[in-house]
Amino acid sequence: MWWKLCSDGNAHCSKQYWLEDRAMTVTTRRNFRGHRALVVCAAEKDRAVLSQFLVELGVTPVVYEIHDEVGADRPFDLVFFDDELGRQFGSITRMIDSVQGPAIALIGSDAPSSVNWFIERRVCGYLTKPLRKAGILASLILANQKFNERYETEQRLQRLEQQVRARRVVCTAAIKLIEDMGVSVNDAFALLRSASMNRRLSLEDLSAMIVSGEIAMAALKGDFDVTDGLGEARFNRYL
């Protein structure tokens, strides 16, 4: 349980985070065979160079043509795009942003407006135009690595945020038990654990129900195990 994780101090928590970091090790990917790539590029020569190399890697390139409908029979695994074509229509920008995979910018200008637009797309890598075969694979590998690391980091942050929210709810429920029933901190958590097991609810769900008033204090009496050192008399005033 979360209160056990942090009850031993910062050293215990630091060790837990270190173990999580070790579990997040990302293996470098070099094989992209079977992937499907969206290519949004204005220059025909650049499209040809990129498409040919992707085919050699076993990647299926789907080139976006102006005023043409791109097949969406299945999601794209990655996207290459420039700002010459990408910024022309909002629908193209939304298509680029919808790809759940590495985004690689095809940069032909150092203009701040172009660079900022690429940053907004959260690119994981870039290639400079005119494109050459040299460097495409390296850029793809690095972009895939960065995308995976970013994804793992975001997932970890979500887990930590969920733990923080759950901790607040459980703490609030424990405080409510302490104030309303006059029990100790340890007894409050023992009561929560006992009630959650008896009702087959997660500790977080039970705590939320207590805080919201969905479960009344009197209703908890039957869930508490008096062998935990809590006398029956402590609950009589709530009946």
Side-chain angles (χ1 to χ4, degrees), residues 17-65 70-89 91-161:
Y17 296 150
W18 178 83
L19 291 173
E20 288 183 359
D21 286 336
R22 293 281 293 179
M24 283 170 49
T25 301
V26 179
T27 302
T28 302
R29 184 189 187 100
R30 297 185 62 88
N31 181 11
F32 300 92
R33 188 170 300 278
H35 278 39
R36 190 165 179 259
L38 173 62
V39 177
V40 181
C41 181
E44 183 176 351
K45 184 177 180 180
D46 289 333
R47 293 200 305 265
V49 171
L50 181 58
S51 297
Q52 181 181 353
F53 189 78
L54 290 176
V55 170
E56 293 175 4
L57 292 178
V59 178
T60 301
V62 180
V63 178
Y64 181 90
E65 300 286 354
V70 174
D73 53 318
R74 67 185 180 89
F76 295 104
D77 300 294
L78 60 151
V79 57
F80 296 83
F81 62 96
D82 63 13
D83 65 332
E84 292 181 58
L85 185 58
R87 297 174 69 181
Q88 288 189 23
F89 305 100
S91 58
I92 302 179
T93 300
R94 288 191 294 272
M95 182 184 302
I96 293 170
D97 292 343
S98 68
V99 175
Q100 300 298 309
I104 300 174
L106 309 178
I107 298 179
S109 170
D110 292 334
S113 59
S114 295
V115 174
N116 289 335
W117 187 78
F118 285 126
I119 292 174
E120 290 173 358
R121 307 281 76 74
R122 302 186 70 194
V123 296
C124 298
Y126 71 93
L127 292 165
T128 56
K129 299 190 299 183
L131 298 184
R132 299 174 299 276
K133 286 188 176 182
I136 295 179
L137 178 57
S139 180
L140 181 54
I141 292 173
L142 292 173
N144 186 76
Q145 183 89 356
K146 182 174 182 179
F147 176 82
N148 287 338
E149 290 174 351
R150 177 188 294 169
Y151 176 80
E152 292 289 346
T153 299
E154 291 175 349
Q155 291 297 304
R156 179 185 173 189
L157 288 176
Q158 288 181 10
R159 290 193 298 270
L160 291 175
E161 288 173 355

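Given the structure is predicted, the values throughout are model-derived calculations rather than measurements.
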*Asks:* Which atoms form the tightest heavy-atom contact between Ile96 and Val40, and what is the distance?
*Replies:*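 Scanning both residues, the minimum pair turns out to be CG1-CG2, 4.3 Å.
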*Asks:* How many angstroms lie between CD1 in Ile107 and OG1 in Thr128, if you round to the nearest 0.5 Å?
*Replies:*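 OG1 of Thr128 is found 8.0 Å from CD1 of Ile107.
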*Asks:* Side-chain contact, heavy-atom cut-off 4.5 Å: Gln158 with Gln155?
*Replies:*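 Gln158 reaches Gln155 side chain to side chain.
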*Asks:* For residues 94-117, which residue pairs qualify under side chain to side chain donor-acceptor pair (under 3.5 Å), counting only residues two or more places apart or in two chains?
*Replies:*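 Listed by first then second residue: Asp83-Ser114, Asp97-Arg121.
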*Asks:* When you compare the side chain of Ile104 with that of Ser139, does any pair of heavy atoms fall below 4.5 Å?
*Replies:*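 Result yes, sub-4.5 Å side-chain heavy-atom pair found.
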*Asks:* Does some side-chain heavy atom of Arg33 sit less than 4.5 Å from a side-chain heavy atom of Val59?
*Replies:*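 No - every pair of side-chain heavy atoms lies 4.5 Å or more apart.
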*Asks:* Please list, chain by chain and in numerical order, all residues satisfying side chain to side chain donor-acceptor pair (under 3.5 Å) with Thr93, sequence neighbours excluded.
*Replies:*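 Listed in chain order: nothing, the list is empty.
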*Asks:* Check this for me: Arg150, atom CZ, are more than 12 non-hydrogen atoms of other residues, nucleotides or ligands nearer than 6.0 Å?
*Replies:*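 Counting other residues, nucleotides and ligands, CZ of Arg150 exceeds 12 neighbours.
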*Asks:* Report the distance from atom CG of Leu131 to atom SG of Cys41, rounding to the nearest 0.5 Å.
*Replies:*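 The SG atom of Cys41 is 6.0 Å from CG of Leu131, to the nearest 0.5 Å.
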*Asks:* With rounding to the nearest 0.5 Å, note down the distance linking CD in Gln52 to CD1 in Ile136.
*Replies:*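 Interatomic distance, Gln52 CD to Ile136 CD1, rounded to 0.5 Å: 9.5 Å.
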*Asks:* Kindly say whether the aromatic ring centers of Phe118 and Phe81 come within a distance under 6.0 Å.
*Replies:*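 When the ring centroids of Phe118 and Phe81 are compared, they turn out to be within the sub-6.0 Å range.
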*Asks:* Any salt bridge (Lys or Arg N to Asp or Glu O under 4.0 Å) involving residues 42-52? Give me the pairs, sequence neighbours left out, ordered by first then second residue.
*Replies:*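 Of all non-adjacent pairs touching residues 42-52, those that pass salt bridge (Lys or Arg N to Asp or Glu O under 4.0 Å) are Arg47-Glu65.
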*Asks:* Could you tell me which non-hydrogen atom of Gly135 sits nearest to which non-hydrogen atom of Leu127, and how far apart they are?
*Replies:*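 Residues Gly135 and Leu127, closest heavy atoms: O-CD2, 3.7 Å.
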*Asks:* Enumerate the ring-ring contact (aromatic ring centres under 6.0 Å, His included) contacts for residues 125-147, please, sequence neighbours excluded, ordered by first and then second residue.
*Replies:*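 Every pair satisfying ring-ring contact (aromatic ring centres under 6.0 Å, His included) with a residue in residues 125-147: there are none.
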*Asks:* Are the side chains of Phe76 and Val62 in contact, using a 4.5 Å heavy-atom criterion?
*Replies:*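 A side-chain contact under 4.5 Å exists here.
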*Asks:* For Glu154, give me all partners under salt bridge (Lys or Arg N to Asp or Glu O under 4.0 Å), at least two apart in sequence or on another chain.
*Replies:*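 Counting only residues at least two positions away or on another chain, Glu154 forms a salt bridge (Lys or Arg N to Asp or Glu O under 4.0 Å) with Arg122.
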*Asks:* Which is it for Arg156 and Glu161 under the salt bridge (Lys or Arg N to Asp or Glu O under 4.0 Å) test, yes or no, and what are the steps along the way?
*Replies:* CA-CA 9 Å; Arg156 179 185 173 189; Glu161 288 173 355; over 6 Å; no
*Asks:* Can you tell me how far the CG atom of Leu54 sits from the CG atom of Leu140, to the nearest 0.5 Å?
*Replies:*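 Nearest 0.5 Å value for the CG-CG distance: 7.5 Å.
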*Asks:* Check Leu106 against Asp82 and note the closest heavy-atom contact, atom names and distance.
*Replies:*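 Closest approach of Leu106 to Asp82: O-CB, 3.3 Å.
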*Asks:* Of all residues at least two apart in sequence or in a different chain, which pass the salt bridge (Lys or Arg N to Asp or Glu O under 4.0 Å) check with Lys133?
*Replies:*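 Partners of Lys133 under the salt bridge (Lys or Arg N to Asp or Glu O under 4.0 Å) test: Glu56.
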*Asks:* What distance separates Lys129 NZ from Leu50 CG, expressed to the nearest 0.5 Å?
*Replies:*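 Reported to 0.5 Å precision, the distance equals 11.5 Å.
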*Asks:* What I'd like to find out is whether the side chain of His35 reaches to under 4.5 Å of the side chain of Thr60, using heavy atoms alone.
*Replies:*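 With C-beta onward as the side chain, the pair stays apart.
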*Asks:* Any heavy-atom pair between the side chains of Ile141 and Phe32 that's under 4.5 Å?
*Replies:*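 SC-SC contact between Phe32 and Ile141 confirmed.
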*Asks:* What closest approach, in Å, do Val39 and Pro61 show between heavy atoms, and which atom pair accounts for it?
*Replies:*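 Result for this residue pair: CG2-CB, 4.2 Å.
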*Asks:* How many angstroms lie between atom OH of Tyr64 and atom CG of Leu85, to the nearest 0.5 angstrom?
*Replies:*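 Result: 6.5 Å between the selected atoms.
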